[in-house]
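Report on one structure; see the data block that follows.
We name chains A, B, ... by the order of the sequence lines, and we start the count at 1 in each one.
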2 protein chains.
Amino acid sequence: MRVSAKADYAVRAAAELAAAQKEEAPVKGERLADAQDIPLQVLEHILLELKHHGIVRARRGAKGGYWLARPADEVTVAEIVRAVEGPIAHVQSTPPEDIEYRGNAEHLQAVWIAVRASLRTVLEEVTLADLVSGELPSVVGDLTASPDAWVAR
Amino acid sequence: MRVSAKADYAVRAAAELAAAQKEEAPVKGERLADAQDIPLQVLEHILLELKHHGIVRARRGAKGGYWLARPADEVTVAEIVRAVEGPIAHVQSTPPEDIEYRGNAEHLQAVWIAVRASLRTVLEEVTLADLVSGELPSVVGDLTASPDAWVAR
DNA sequence: CGCACTCCTGACCAAGAAGGTCAGGAAAGT
DNA sequence: ACTTTCCTGACCTTCTTGGTCAGGAGTGCG
């Protein structure tokens with residue numbers, strides 16, 4: 001139930017790309033790495049994965065670099081997390097809808113499905129455009145409104 | 001962003017204990033292992049952790065076994081998951097409220113906080129009593145109502 | 001008491017993931 | 001040609017996961 005460094009890095013790098021989208025020129029990996037304090041070689045691997053998933057594009061050579069394949073308001077955080085971490089909220093590496101629970105745990109499946117659905121309501125709602133503008137969807141606002149949400153437990 | 005086998009096992013075993021709570025006699029580890037198809041030795045380690053967290057109690061010897069330390073409607077799934085997996089929704093092993101984001105990723109913190117909060121709305125709401133009775137809280141009902149929630153993405 | 005029963009605990013293990021580094025190849029521009 | 005920058009795979013160390021093994025310690029009963 002944790003977020004990997006890779007996913008965190010990927011979203012941060014993508015946010016930088018989103019912000020640079022107006023510039024009309026590719027952004028070099030090194031600039032992204034510097035801006036977000038990510039080891040360059042790690043970042044390159046991540047960007048490659050994002051490219052394979054059709055989220056970013058790239059060109060090599062001088063004047064080369066990376067850019068988003070789509071407008072920033074059409075790329076969700078969920079997509080990026082899935083690209084680098086795989087499916088969200090799997091249980092023992094299998095999707096919750098494929099698990100059969102026995103005995104008194106029968107209804108546990110619905111709980112895991114609800115867990116996944118609740119993650120989706122956040123991750124699929126937030127786009128890179130939201131992220132860089134700071135105008136987050138209302139679902140995020142609602143969830144972060146209580147001071148309770150900001151303390152560990 | 002996945003649920004470990006251990007967490008899944010722990011909740012299932014706890015559900016069995018919740019169901020057996022009326023019986024007034026401890027439940028043997030072996031019976032739990034059989035009922036939920038969990039390797040006995042793995043289960044014992046898990047139950048030990050749950051015991052250390054004050055969620056279950058145990059007695060050894062003949063007539064020994066495990067039982068819930070509290071009524072089933074006072075034990076949430078969140079507690080059990082935390083007992084065996086540690087804090088929910090940490091990023092790179094640090095709680096999201098302790099991370100400082102720079103540049104265009106500044107608002108990512110609020111997103112991770114919202115992710116954690118949304119997990120809590122499910123996991124802290126569902127008790128073991130809910131789980132065995134099948135009368136899940138409305139938040140689960142709402143989230144699992146759409147057929148969309150039941151398909152992979 | 002002696003003994004069977006059951007939990008308790010730590011050591012151990014293989015496989016995989018996480019996080020990161022190294023080194024070289026392949027396109028693009030000047 | 002040559003530099004720049006992405007592309008790719010190999011490799012490394014540490015930690016986690018899921019699981020097994022073996023023995024110790026408390027509990028109840030004949």
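Note: CD (Glu49(B)) to C1' (dG19(D)) measures 14 Å, nearest angstrom. Residue Arg2(A) contributes atom CZ, which lies 13 Å from atom C1' of dT17(D) at whole-angstrom precision. Rounded to a whole Å, the CH2 atom of Trp67(A) is 14 Å from the P atom of dT5(D). Atoms CG (Leu48(A)) and C1' (dG25(C)) sit 14 Å apart, rounded to a whole Å. Protein atom CG of Asp37(B) is 15 Å distant from nucleotide atom C1' of dG18(D), rounded to whole Å. In this structure, Glu44(B) atom CD and dG23(D) atom P are separated by 16 Å, rounded to whole Å. Atoms CZ (Arg60(B)) and P (dC7(C)) sit 10 Å apart, rounded to a whole Å. Whole-Å rounding puts the Gln41(A) CD to dA23(C) C1' distance at 9 Å.
Remark: nothing in residues 79-97 of chain B comes within less than 4.0 Å of DNA chain D through any heavy atom.
Applying the 4.0 Å criterion to OP1 and OP2 of dT8(D), one finds that His52(A) has a side-chain N or O inside that range. When the side-chain nitrogen and oxygen atoms of Lys63(A) are compared with OP1 and OP2 of dA28(C), none of them lie within a distance under 4.0 Å. Of the side-chain N and O atoms in Tyr9(A), none sit less than 4.0 angstrom from OP1 or OP2 of dG19(C). The side chain of Tyr66(B) places no N or O atom within less than 4.0 Å of a non-bridging phosphate oxygen (OP1 or OP2) of dT6(C).
Residues Glu79(B) and Arg70(B) are paired through a salt bridge, judged by an N-O separation under 4.0 Å between the basic side chain and the carboxylate. Salt bridge Glu23(A)/Lys28(A): absent, no basic N to carboxylate O contact under 4.0 Å. With salt bridges taken as basic N to acidic carboxylate O contacts below 4.0 Å, none links Arg2(B) and Glu85(A). A salt bridge links Glu97(B) with Arg116(B): at least one charged nitrogen is closer than 4.0 Å to a carboxylate oxygen. Remark: Asp148(B) engages Arg153(B) in a salt bridge, criterion side-chain N to carboxylate O under 4.0 Å.
Mapping Gly29(A) and Lys6(B) onto DNA chain D by nearest heavy atom places Gly29(A) closer to the 5' end of the strand. Checking Lys51(B) against His45(A), the closest nucleotide of DNA chain C that is more toward the 5' end is the one next to Lys51(B). Mapping Ser4(A) and Lys28(B) onto DNA chain C by nearest heavy atom places Lys28(B) at the nucleotide closer to the 5' end.
Across all strands shown, Arg31(A) has no heavy atoms under 4.0 Å from either base or sugar-phosphate atoms. Within 4.0 Å of Arg57(A), counting heavy atoms only, lies no atom of the nucleic acid at all.
Every residue was checked against the side chain to side chain contact (heavy atoms under 4.5 Å, CB included) condition with Glu100(B), not counting sequence neighbours, and none meets it. In this structure, the side chain to side chain contact (heavy atoms under 4.5 Å, CB included) partners of Gln109(A), at least two apart in sequence or on a different chain, are Tyr101(A), Ile113(A), Trp150(B).
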